[in-house]
Amino acid sequence: MDYNKLAELLFPQIDKTPEDYEAMFPQRANAEGGAIITRLGPSPTGFIHLGNLYGAFVDERLAHQSKAEDGTPGTFYLRIEDTDDKRYVEGAVDTVINSLKFFDINFDEGAGCGPAAEDGEPTDSGDYGPYYQSQRGPIYQAFVKHLVSQGKAYPCFLTEEELAEIRAQQEAAKETTGIYGKYAEKSRNLSYEEIEANINAGKPYVVRLKSKGNAISPENCCMENGATCQGNSGNVTYQNRDGVMYIIVNDAVRGEVAMPSNDQDVVILKATGIPTYHFAHVIDDHLMRTTHVVRGEEWLMSLPIHVELFEALRFQLPTYCHTAVLMKLDDETGNKRKLSKRKDPELSLDYYRQEGYHPQAVKEYLMTILNSDFEEWRMANPDADLDEFTFTTEKMSSAGALFDLNKLNDISKDVLLKIPADELADFMLEWAREFKPKAVPLLEDKEYLTKILNIGRDDAKPRKDLIYAKQIFDFISYFYDDYFFIEEQIPEQVSDEDAKEILKRYLETYDHSDDQSQWFEKIRTITADLGYAVKPKDYKKHPDEYKGSVAHVSTVIRIAVMGRSQSPDVWTIQQILGEDRVRARISELIG
RNA sequence: GGUCCUAUGGUCAAGCGGUUAAGACACCGCCCUUUCACGGCGGUAACCCGGGUUCGAUUCCCGGUAGGAUCACCA
């Protein structure tokens with residue numbers, strides 16, 4: 001078979017060679033001396049979930065933390081993986097970029113990363129484009145053509161029915177499914193004339209890799225059992241394990257990973273002329289000079305395919321970082337399972353936006369599950385910027401981490417405490433504009449809101465009860481008349497008459513200009529006059545001698561003014577609320 | 001089913017042949033306190049099972065078990 005002739009028959013319109021592309025996309029200047037080049041390759045649905053964010057975070061940190069010899073940092077770029085013919089969602093690239101920007105994750109180059117054009121359309125930036133796989137057709141085809149001309153790939157005309165039949169046969173015989181070994185022979189052995197006839201007849205076809213298989217044989221490799229040898233692409237070791245060729249790859253997060261080498265004649269070019277993920281990954285990450293490929297664990301099993309592809313093309317293998325998938329405890333089965341888009345709203349980044357989690361809190365949380373020594377570092381450096389932490393792939397867990405909302409909330413409390421109240425007020429308003437529009441006019445009084453958010457923050461032991469916007473709003477809602485209502489019952493120790501009496505006397509003696517001790521002194525007086533214990537301990541010791549304690553009296557006032565029994569300090573709240581509101585609310589309750 | 005990954009308290013996790021087996025979150029109790037939150041003190045709670053190797057295994061090896069991942073012209 002004349003493979004050159006075959007390549008020409010299949011790709012007459014392709015005139016560029018791999019060498020041309022190698023020259024067009026030379027090694028990156030900053031890749032020398034340790035700078036890391038990473039990429040994010042989302043599909044163009046624009047849907048970014050927590051898992052994507054998790055990976056993007058790793059990519060970003062790895063690239064921007066690393067430095068070339070001359071001090072320039074690594075590069076983190078955005079490539080859109082739209083090889084699937086599923087519909088392209090309008091504005092998806094913008095969505096991706098903006099979703100990540102919300103978390104301070106910024107790209108250096110790639111799709112949509114250039115300055116906006118005059119008509120407002122986003123442009124791409126960088127010298128290694130195009131950054132959309134759908135626009136890279138000729139590039140992929142040039143490499144496929146090259147492989148065909150070397151006899152390393154071939155066209156396959158198997159129809160869906162034939163494929164299904166083979167599959168059924170294999171399943172019945174309990175064999176591995178797919179096109180490999182004897183099942184590949186039919187297509188592999190097609191003569192030039194047969195192929196030409198098929199093409200002239202307009203039959204659709206795919207291009208498959210001609211796998212070298214993984215059996216140890218004289219023409220393949222004749223290593224002794226257990227012996228190893230180095231691969232051409234670097235970073236790969238082959239080993240004969242009882243007649244089966246294994247690949248051993250050093251994964252940055254998992255260490256050495258061993259598995260049987262690929263024996264499937266995988267599809268590299270679909271009937272549409274568009275490559276599969278496997279092929280696009282190999283070509284793109286090589287040509288765009290990616291040094292570290294960060295991706296989910298679900299890709300680990302296709303590593304042998306990628307290794308064979310890298311070897312066949314004589315490309316250098318990148319460093320792989322297969323990250324663990326995010327898990328969750330299933331309510332029904334009680335087992336761990338992968339977070340799913342359909343069942344788990346907390347997977348969607350929108351969930352955190354709706355609830356009003358601060359991006360910094362989500363980042364901080366992600367970092368704690370990403371690197372096990374982060375929490376320790378954070379305790380030692382409570383005020384340091386997140387970027388000062390040195391992130392390492394070695395410290396990443398290879399088991400799936402369970403998503404823990406409790407932990408997120410705990411971290412969020414600390415994060416929000418460090419954000420100045422007026423910034424938090426802006427954050428609340430922004431959140432409300434999107435998710436609680438009715439409250440916007442109220443929250444627009446920034447001075448008022450800032451005062452509220454600032455309660456108890458400057459103390460030596462600052463309050464930590466602010467977690468996320470939605471929760472915060474509920475927490476402070478009584479400051480706004482529209483949302484104020486009596487939510488709780490008065491304590492059982494206090495009779496209805498006493499409650500009225502307490503409030504009546506409170507209102508009579510109320511002086512808005514009292515300082516906190518004067519104010520509390522008056523409550524003590526009321527407490528004592530009505531037969532309640534001024535010191536809660538007295539009541540605790542001698543419950544028979546008192547109706548209740550000052551705590552219960554205070555609770556009545558709390559409920560009158562705030563509608564609830566739990567809140568920060570009453571005096572402070574009243575000062576913010578203003579005299580009119582306080583008086584009005586109490587009068588209202590007295591009736 | 002084949003292949004691969006993983007296995008320390010409820011959760012996240014230190015540990016990398018000899019430890020009273022850290023820490024954080026959650027939970028419980030006490031203290032502080034006019035409630036709550038914060039803070040302080042204390043507490044419950046773990047090395048999946050079985051074989052080896054070794055003077056000694058949570059740690060190394062093998063087997064089992066469990067959970068997860070993956071087996072497309074989807075990524």
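Within every chain, numbering begins at 1; the chains are lettered A, B, ... in the order of the sequence lines, protein sequences first and strands thereafter.
Comparing B:A24 with B:G42, their P atoms sit 11 Å apart, to the nearest whole Å.
Aromatic ring pairs are classed by plane angle as parallel below 30°, tilted from 30° to 60° and perpendicular above 60°; the pair A:W299 and A:Y277 is parallel.
Taking 4.0 Å as the cut-off between side-chain N and carboxylate O, A:D383 and A:K418 do not count as a salt-bridged pair. Using a 4.0 Å cut-off between charged side-chain N and carboxylate O, A:R39 and A:D285 make a salt bridge. Between A:D265 and A:K210 there is no salt bridge, since no side-chain nitrogen of the basic residue lies less than 4.0 Å from a carboxylate oxygen of the acidic one. For the pair A:R167 and A:E162, the salt-bridge criterion is not met [side-chain N within less than 4.0 Å of a carboxylate O]. A salt bridge is defined here as a Lys NZ or Arg NE, NH1 or NH2 lying under 4.0 Å from an Asp or Glu carboxylate O, and A:E81 with A:R79 meets this definition. Ionic pairing of A:R558 and A:E488 is not present here: no N-O contact between side-chain nitrogen and carboxylate oxygen is shorter than 4.0 angstrom. A:D465 has a carboxylate O that lies under 4.0 Å from a charged side-chain N of A:R463, or vice versa, which qualifies the two as a salt bridge.
Nucleotide B:U11 forms a Watson-Crick or G-U wobble pair with B:A24, both donor-acceptor distances falling under 3.5 Å. Of the nucleotides present, B:C55 is the one that pairs with B:G18 by Watson-Crick or G-U wobble criteria, both distances under 3.5 Å. Partner assigned to B:A66 is B:U6, using Watson-Crick or G-U wobble distances below 3.5 angstrom. Across all strands shown, B:A45 forms no Watson-Crick or G-U wobble pair with both key distances under 3.5 Å. B:G39 and B:C31 make up a base pair, with Watson-Crick or G-U wobble contacts both under 3.5 Å.
Mapping A:E160 and A:D414 onto RNA chain B via the closest heavy atom, the residue that lands nearer the 5' end is A:D414.
Closest approach to the A:L163 side chain among B:U3, B:A37, B:C73 is made by B:C73 (side chain taken as heavy atoms from C-beta onward). When distances run from any side-chain atom of A:S372 to the nucleotides B:A14, B:C5, B:U34, the shortest one goes to B:A14. Closest to the A:P260 side chain, of the nucleotides B:C4, B:U34, B:A72, is B:C4. Comparing B:U34, B:C36, B:A37 against the side chain of A:Q566 picks out B:C36 as the nearest. Candidate nucleotides B:A75, B:U34, B:U70 were compared by shortest atom distance to the side chain of A:M301, and B:U70 ranks first. When distances run from any side-chain atom of A:E81 to the nucleotides B:A75, B:A24, B:G39, the shortest one goes to B:A75. The side chain of A:T276 approaches B:C73 more closely than any other nucleotide in the set B:C73, B:G23, B:A26. Distance from the side chain of A:K540 is smallest for B:C31 among the nucleotides B:U3, B:C31, B:C74. Residue A:M379 has its side chain nearest to B:G23 when only B:U11, B:G23, B:U35 are considered. The side chain of A:Y246 has B:C4 as its nearest neighbour among B:A72, B:C73, B:C4.
Protein atom CD of A:E162 is 18 Å distant from nucleotide atom P of B:A72, rounded to whole Å. Computed from coordinates, the A:D410 CG to B:C38 C1' distance equals 12 Å when rounded to whole Å. Rounded to whole Å, the distance from CG on A:L300 to P on B:C71 is 12 Å. Rounding to whole angstrom units, CD of residue A:E364 and C1' of B:A24 are separated by 13 Å. If you measure from atom CD of A:E165 to atom P of B:A72, you get 17 Å, rounded to the nearest angstrom. Atom pair A:Y365:OH and B:A13:P shows a separation of 9 Å (rounding to whole Å applied). Distance CG (A:L408) to P (B:A26): 12 Å, rounded to an integer number of Å. Rounded to whole Å, the distance from CZ on A:F475 to P on B:U35 is 15 Å.
Between A:F520 and B:U34, a base-stacking contact is recorded: ring centres under 5.5 Å apart, planes less than 30° from parallel.
Among the heavy atoms of the strands lying under 4.0 Å from A:L158 is at least one base atom, whether or not backbone atoms are also near. Within 4.0 Å of A:P204, counting heavy atoms only, lies no atom of the nucleic acid at all. Heavy atoms of A:A551 sit under 4.0 angstrom from primed sugar atoms or phosphate atoms, though from no base atom. Residue A:V267 is in sugar-phosphate contact alone, with no base atom involved, counting any heavy-atom pair closer than 4.0 Å across all strands shown. Note on A:T177: only backbone sugar-phosphate atoms sit closer than 4.0 angstrom, heavy atoms only; bases stay farther off. Note on A:W519: a base of the nucleic acid sits closer than 4.0 angstrom, heavy atoms only. Within the 4.0 angstrom heavy-atom criterion, no nucleotide atom of any strand lies near A:F279. Here A:R524 lies out of heavy-atom contact (under 4.0 Å) with every strand. Counting non-hydrogen atoms under 4.0 angstrom, A:R457 reaches nothing in the nucleic acid. Nucleic acid contact for A:D373: none, since no nucleic acid atom lies under 4.0 Å from a heavy atom of the residue. The residue A:A460 sits apart from the nucleic acid: no heavy atom pair falls under 4.0 Å. A:K537 comes within contact range of the sugar-phosphate backbone alone, with a heavy-atom separation under 4.0 Å but no base atom that close. Within 4.0 Å of A:R378, counting heavy atoms only, lies no atom of the nucleic acid at all.
One finds no side-chain N or O of A:S302 lying less than 4.0 angstrom from the OP1 or OP2 phosphate oxygen of B:U70.
Side-chain to base pairing of A:R463 with B:C36: one donor and one acceptor N or O lie within less than 3.5 Å of each other. A donor and an acceptor atom never sit less than 3.5 Å apart when one is taken from the side chain of A:R564 and the other from the base of B:U35. In terms of polar N and O atoms assigned as donor or acceptor, the side chain of A:S565 never comes within less than 3.5 Å of the base of B:U35 in a complementary pairing. For B:A26, its base never sits under 3.5 Å from the side chain of A:K407 at any donor and acceptor pair.
For the pair A:R585 and A:F484, the cation-pi criterion (under 6.0 Å, within 45° of the ring axis) is fulfilled.
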